[in-house]
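Below is one structure, written out as structure tokens, with a few remarks after it.
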Amino acid sequence: MSHIAEPQPLRDLLRGVEQTYSLDDLRRKLALKRPLRIKLGMDPTAPDIHLGHSVVLRKMRQFQDLGHTAVLIIGDYTARIGDPTGRDATRPVLDESAIQQNAQTYLDQAGTILDLSPDKFELRYNSEWLGKLNFADVLNLTGQFTVQQMLHRDNFKKRMADGTEIQLAEFMYPLMQAYDSVVVKADVELGGTDQTFNNLRGRDLMGKSNLDPQVVMVMPILVGLDGTQKMSKSKGNYVAVRDQPNDMYGKVMSIPDELMSNYYELLTPLSTDRITSLLDPEQTHPREAKDVLARVIVEEFHDPNAANHAAEEFKRRFSENKLPEDLETKTIDESPIGILNLITRVGFASTNSEARRLVQQSAVSLDDEKITDPKAQITLDSPAILRVGKRRVCRITK
RNA sequence: GGGGGUGUACCGAAGCGGCCAAACGGGGCAGACUGUAAAUCUGCUGACUAUGUCUCCCGAGGUUCGAAUCCUCGCGCCCCCA
């Protein structure tokens, strides 16, 4: 993708975007010289926002910084159906207080990326308008689309092919989301590539409703820390925006090198030139490049100080193999105590058998002395440092 | 409603009466090597008072000296027909 001929703001807006429908419309809208309404829908389920979500949120923030308005829609009504993207057909209906709470949690986290000041941010619940539709309205809405069109969607297509059931109500999901766009008069809708179909239905419906159709911009799905699967909470391969600096830094440092260019593009504001030079092994050692990446990310969610600190701490711990700054101290009231017992007591293993295995695999040391005998009895005269593997360390006192 | 299939550890998948705490692959953990990267090599991956004991192969019963393996009932999932 090269947009060399585009003016700077547009070029920046297009960075990292997988697909724009359509670029011409976006140009035209930007030329209107009025704040555009940038829509993003969210599920009111319990959120733990991570870097994957941040890709889209950062794009939204970029628009805000150019003076546009972020319109965040809480899908409290849509949640009754469940997004077919998630493929599980039914989802528990959330009660109102749970929705409110989830929305608040979402905002707390999204606020680390978005500008929540009232002149640049608008929060809406789609029950506000979807709840008011009567049957005739719904019929009218369904009249705008065809079954063929719905079946065209990858997800439905696949389920038709392999015989998985599709609930009739699931067809409504894209329509509802499309209707949201009509109501809030979106100029641009953002989403992950998995939302392309839904978002485009919004574009259709606006056109049919005599509105200027929204532009749809979809962002790639971020690959998780393991380098293969999409970043998600359930896979455990994620960096939460609420992660503490040290954690965040360490997690980023653990990504495979191949992922760096992707992360740089989608998760940092660094210029393309800068990124190119960072990723060129002739100019920058890969470890250095990853350090910069990790710092930039930590800075975004915390601050430069925290980033520096995390980097130093990381170096201390893993390059110089020193103890962490905030070494945890655990008190054990039994002495002497069997080594296995000690390990499970401090929570470094969940069962004695697991602790035994670790000892036998020489992963355990006390005051830098390897312990390989599972029967070893430990006498705690003075505080001692217990290590299990590379990451688990603490100080033990009586 | 009728017919067929299937259910094994975190996941996929062998096993189909004893040699099964259950092959193999993936994942995870640990060790070596390193840049807490990748690749590679090695070991581990049910529990426990640990060279033995206990629990375990969807659930409940049963057959058998002996069951993940056979039978019965139940539950879940899948496919085909209506």
Side-chain angles (χ1 to χ4, degrees), chain A residues 51 87-90 158-166 223-239 243-264 267 278-295 297-298 310-325 334 336-366 368-377 386-393:
Chain A
L51 294 185
R87 103 207 120 261
D88 28 309
T90 46
K158 207 171 138 245
R159 282 158 71 183
M160 283 297 280
D162 58 42
T164 315
E165 74 172 12
I166 301 170
V223 176
L225 301 176
D226 59 323
T228 49
Q229 296 182 291
K230 89 175 208 186
M231 183 174 282
S232 79
K233 192 180 179 181
S234 58
K235 303 253 165 49
N237 60 357
Y238 71 108
V239 179
D243 277 346
Q244 290 309 299
N246 288 353
D247 236 23
M248 205 176 247
Y249 183 93
K251 283 182 182 178
V252 176
M253 286 306 279
S254 79
I255 66 170
D257 286 2
E258 299 77 59
L259 227 53
M260 276 202 280
S261 101
N262 191 243
Y263 273 37
Y264 262 121
L267 301 172
L278 282 165
L279 292 179
D280 177 4
E282 301 285 306
Q283 296 180 55
T284 317
H285 188 284
R287 194 198 173 281
E288 194 64 25
K290 209 177 277 176
D291 168 67
V292 173
L293 177 66
R295 281 171 194 260
I297 289 172
V298 175
E312 276 164 33
E313 173 74 356
F314 184 85
K315 208 168 148 203
R316 279 168 55 86
R317 275 201 74 178
F318 299 106
S319 305
E320 293 160 22
N321 206 22
K322 289 185 184 153
L323 293 171
E325 206 172 44
E334 196 184 322
I337 181 172
I339 182 67
L340 303 184
N341 214 326
L342 180 64
I343 293 169
T344 51
R345 232 22 126 70
V346 300
F348 286 170
S350 50
T351 63
N352 251 16
S353 297
E354 194 185 329
R356 177 184 304 268
R357 274 178 232 123
L358 288 165
V359 169
Q360 285 167 343
Q361 287 171 142
S362 67
V364 177
S365 72
L366 194 69
D368 287 327
E369 243 178 87
K370 284 255 186 258
I371 297 182
T372 49
D373 176 13
K375 289 196 193 114
Q377 289 291 316
L386 177 70
R387 279 180 191 270
V388 175
K390 278 194 193 101
R391 302 177 193 194
R392 287 159 280 186
V393 200

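To find a chain, count down the sequence lines: A is the first, B the second, and so on, and within it residues start at 1.
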Practice problem: Without swapping roles, check the side chain of Lys233(A) against the backbone of Tyr238(A) for a donor-acceptor pair under 3.5 Å. | Solution: no

Quiz item: Charged N to carboxylate O under 4.0 angstrom, Lys315(A) versus Glu312(A)?
Solution: no

Donor-acceptor pairs under 3.5 Å, side chain of residues 340-353 of chain A to any protein atom, not counting sequence neighbours: which ones?
residue	atom	partner	partner atom	Å
Thr344(A)	OG1	Leu340(A)	O	3.3
Thr344(A)	OG1	Asn341(A)	O	3.0
Arg345(A)	NH2	Glu334(A)	OE1	2.5
Ser350(A)	OG	Glu354(A)	OE1	2.8
Thr351(A)	OG1	Glu354(A)	N	3.1

Quiz item: With both distances under 3.5 angstrom, what nucleotide forms a Watson-Crick or G-U wobble pair with rG1(B)?
Solution: rC81(B)

Quiz item: If the P atom of rA14(B) is compared with that of rG66(B), how far apart are they to the nearest Å?
Solution: 30 Å

Quiz prompt | Sequence-aligned protein contact record of nucleotides 49-56 of chain B, with B where the base is within under 4.0 Å of a protein heavy atom and S where only the sugar-phosphate is | solution = SB------

Quiz prompt | Partners passing side chain to side chain donor-acceptor pair (under 3.5 Å) against Lys322(A) (at least two apart in sequence or in another chain) | solution = Glu320(A)

Self-check item: Donor-acceptor contact below 3.5 Å, side chain Glu258(A) vs main chain Gly227(A)
Solution: no

Self-check item: C1'-based separation of rG3(B) from rA67(B) [nearest Å]
Solution: 29 Å

Quiz prompt | Whole angstrom value for the distance that separates P of rA37(B) from CG of Leu279(A) | solution = 18 Å

Quiz item: What pairs with Ser254(A) under side-chain contact (heavy atoms from CB on, under 4.5 Å), at least two apart in sequence or on another chain?
Solution: none

Quiz item: How far, in whole Å, is rU55(B) from rG28(B) if one measures between their P atoms?
Solution: 33 Å

Quiz item: Partners of Tyr263(A) by ring-ring contact (aromatic ring centres under 6.0 Å, His included), sequence neighbours excluded?
Solution: none

Quiz item: How do Arg357(A) and Asp247(A) order along RNA chain B: which one's closest nucleotide is nearer the 5' end?
Solution: Asp247(A)

Self-check item: Euclidean distance for P, rC48(B) against rG1(B) (whole angstrom)
Solution: 48 Å

Quiz item: How would you list, by chain and number, every residue that makes a salt bridge (Lys or Arg N to Asp or Glu O under 4.0 Å) with Arg391(A), sequence neighbours excluded?
Solution: none

Exercise. Provide the distance between the two C1' atoms, one in rC77(B) and one in rC58(B), to the nearest whole Å.
Key: 11 Å

Exercise. For rG59(B), give its Watson-Crick or G-U wobble partner with both distances under 3.5 Å, or none.
Key: rC73(B)

Quiz item: In Watson-Crick or G-U wobble terms, both distances under 3.5 Å, what is the partner of rA13(B)?
Solution: none

Practice problem: Return the nucleotide paired to rU49(B): Watson-Crick means purine N1 to pyrimidine N3 with N6-O4 or O6-N4, wobble means G-U with N1-O2 and O6-N3, both under 3.5 Å. | Solution: none

Quiz item: So what's rU40(B) paired with, Watson-Crick or G-U wobble, going by both distances under 3.5 Å?
Solution: rA32(B)

Practice problem: Please state the P separation for the pair rA23(B) and rG46(B) - nearest whole angstrom. | Solution: 9 Å

Self-check item: Pairs meeting criterion side chain to side chain donor-acceptor pair (under 3.5 Å) with involvement of residues 286-295 of chain A, two or more places apart
Solution: Tyr249(A)-Asp291(A), Asp257(A)-Lys290(A), Asp291(A)-Arg295(A), Arg295(A)-Asn308(A)

Self-check item: rA60(B) and rG76(B), which share atom name C1', separated by this distance in whole Å
Solution: 15 Å

Quiz prompt | Nearest-Å distance once atom P is located in both rU69(B) and rG7(B) | solution = 12 Å

Self-check item: Thr351(A) side-chain N/O to rA47(B) phosphate OP1/OP2 under 4.0 Å
Solution: yes

Quiz prompt | Asn262(A) CG to rA37(B) C1', straight-line distance once rounded to whole Å | solution = 15 Å

Exercise. Under the side chain to side chain donor-acceptor pair (under 3.5 Å) rule, collect the residues that match up with Gln360(A), sequence neighbours excluded.
Key: none

Quiz item: When every nucleotide of nucleotides 20-35 of chain B is labelled 5' to 3' by its protein contacts under 4.0 Å (heavy atoms), B for base, S for sugar-phosphate only, - for none, what sequence of letters results?
Solution: ---------SSS--BB

